2 protein chains.
Amino acid sequence: MKKISSRFSIAVHILSLISMLPMPTGDLIAASVNTNPVIIRKIIAQLKKAGLVNVRAGTGGASLSKTPAEITLLDVYRAVEVVDGNELFNFHEHPNPACFVGANIENALRESMLSAQAAMEQELASVTIERLANKIVACGQRSGWADQGSV
Amino acid sequence: MKKISSRFSIAVHILSLISMLPMPTGDLIAASVNTNPVIIRKIIAQLKKAGLVNVRAGTGGASLSKTPAEITLLDVYRAVEVVDGNELFNFHEHPNPACFVGANIENALRESMLSAQAAMEQELASVTIERLANKIVACGQRSGWADQGSV
DNA sequence: CTCGTTGTAACCAGTTTAGTTATAACCAAA
DNA sequence: TTTGGTTATAACTAAACTGGTTACAACGAG
């Protein structure tokens, strides 16, 4: 099966970085994520459209539009994992309406699908970029990292 | 973004149908789902491998290996949406270990990803095929369906 | 003006999805 | 035992998505 794309984890990485560094450029972020700068710019474009970051064109550099405490992982998820109808689960189309099950399964199943999705999103909404940044620092300290000044 | 494949909803459809009809053939199920019989057989093969259904080769027909009350949507999801490591979220690979964020984000973020996934799966685990079948009947009655005898 | 940066468009290879066709194996019943 | 309907599976297709690349125009501070 296809997983949720790595755009989400990259977007979280980007926002964490912006929250910890002053006005990083796309190239610098790309170096930390270890991917192509265009990938970063595309994802930042989505984050910008969602109102999460500001970007200074020309001279470069990105900053958060809200405080790290105001941005949740759900905001990030919704910004980059766009899907029609915001529905995570796909439904097979056109089940046979002449069959009792085919005619009625969609209504019956969709309810369960939506609550499963809602449970996941609620969990994402409970984590802010601020909390994640703190966790990153804690992970770094636990593993004996001292060089916070580097890229 | 890519949704969770419709295999899941088809698999649930199949199991609901089997729980309500005696030994339906793949072709009959395909008619209800409104797709190609080979699609049905492939999904049934996954359900069989997961120990959810028995299939009578040659003469045809499928039956449940457990009672409808013992099969949850999570069982179906796991049977059909196979993923390496059972992780729904993808992580971008090889973030820069020389960067403070790059070195530590994976540990920090994975925890939140896993609890989001766990919340969704717990919700799926709370619905059984039995409950869903009842809901299908309820939906059918609510919309004035009388012809339960048809395919 | 210039240089580094952002914003896009166009393109590419690999994977997944959903579906099709074809063929072999199976088994009960005639 | 042959026949017919069924299951099992391989091989193939078109479309979509992912992650990535190259190229180029627009921007703006120094």
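Throughout, a chain's letter reflects where its sequence line sits, starting with A, and its residues are numbered from 1. From a predicted model like this one, the values you see are computed outputs, not experimental measurements. Values reported hereafter were calculated over all heavy atoms of this structure, with side chains retained and with hydrogens, waters and symmetry mates removed.
Nearest-nucleotide positions on DNA chain C for B:E81 and B:P37 put B:E81 closer to the 5' end. Between A:R56 and B:R56, the residue anchored closer to the 5' end of DNA chain D is B:R56, taking for each the nucleotide with the nearest heavy atom.
Rounded to an integer number of Å, the gap from CE of A:M23 to P of D:dG28 is 13 Å. If you measure from atom CD of B:Q46 to atom C1' of C:dA18, you get 13 Å, rounded to the nearest angstrom. Per the geometry, CD1 belonging to A:I43 stands 12 Å off C1' belonging to D:dG20, to the nearest Å. The CG-P distance, from A:N36 to C:dT8, rounds to 17 Å in whole Å. Per the geometry, CD1 belonging to A:I39 stands 17 Å off C1' belonging to C:dT5, to the nearest Å. Rounded to an integer number of Å, the gap from A:I44 CD1 to C:dG7 P is 8 Å. Remark: P of D:dT18 and NZ of B:K3 are 13 Å apart, rounded to the nearest angstrom. Regarding A:F91, its CZ atom lies at a distance of 17 Å from the C1' atom of C:dT17, rounded to whole Å.
Proximity note for B:T25 (side chain, C-beta onward) versus D:dT6, D:dT21, D:dT18: the nearest is D:dT6. Considering only the side chain of B:S5, C:dT17 comes nearest among D:dG20, C:dT17, D:dT7. Side chain of B:R7, nearest nucleotide from C:dT17, D:dT22, D:dT6: C:dT17. Closest approach to the A:D27 side chain among C:dA22, C:dT5, D:dA23 is made by C:dT5 (side chain taken as heavy atoms from C-beta onward). Closest to the side chain of A:V55, out of C:dG7, D:dG19, C:dA10, is C:dG7. Side-chain atoms of B:V38 lie closest to D:dA10 of the nucleotides C:dA9, C:dT6, D:dA10. The listed nucleotides are D:dT7, D:dG20, C:dA18; the one nearest the side chain of B:R41 is D:dT7.
Placement of B:F89 and B:L114 in two distinct hydrophobic clusters is found when ILVMFWY residues are connected by side-chain heavy-atom separations under 4.5 Å, directly or transitively.
Atoms CD1 and CG, from A:I14 and A:L52 in turn, are 11.0 Å apart once rounded to the nearest 0.5 Å.
Side-chain contact of B:E130 with B:S19: a donor-acceptor pair under 3.5 Å is absent, judged by distance alone. Side-chain N/O atoms of A:N54 and A:S65 include a donor and acceptor closer than 3.5 Å.
Between the side chain of A:K48 and the base of C:dG7 there is no donor-acceptor pair of N/O atoms closer than 3.5 Å. Scanning atom types as modelled, one donor and one acceptor separated by under 3.5 angstrom connect the side chain of B:K42 and the base of C:dG19.
Dashed line: the shortest gap from a side-chain N or O of A:T35 to OP1 or OP2 of D:dG19 is not under 4.0 Å. One finds no side-chain N or O of B:T59 lying less than 4.0 angstrom from the OP1 or OP2 phosphate oxygen of C:dC26.
Heavy atoms of other residues, nucleotides or ligands lying less than 6.0 angstrom from CD of A:E87 number more than 12.
Note on A:G60: only backbone sugar-phosphate atoms sit closer than 4.0 angstrom, heavy atoms only; bases stay farther off.
In terms of heavy-atom proximity, B:H13 sits nearest to A:P95 at CE1-CB, 3.9 Å.
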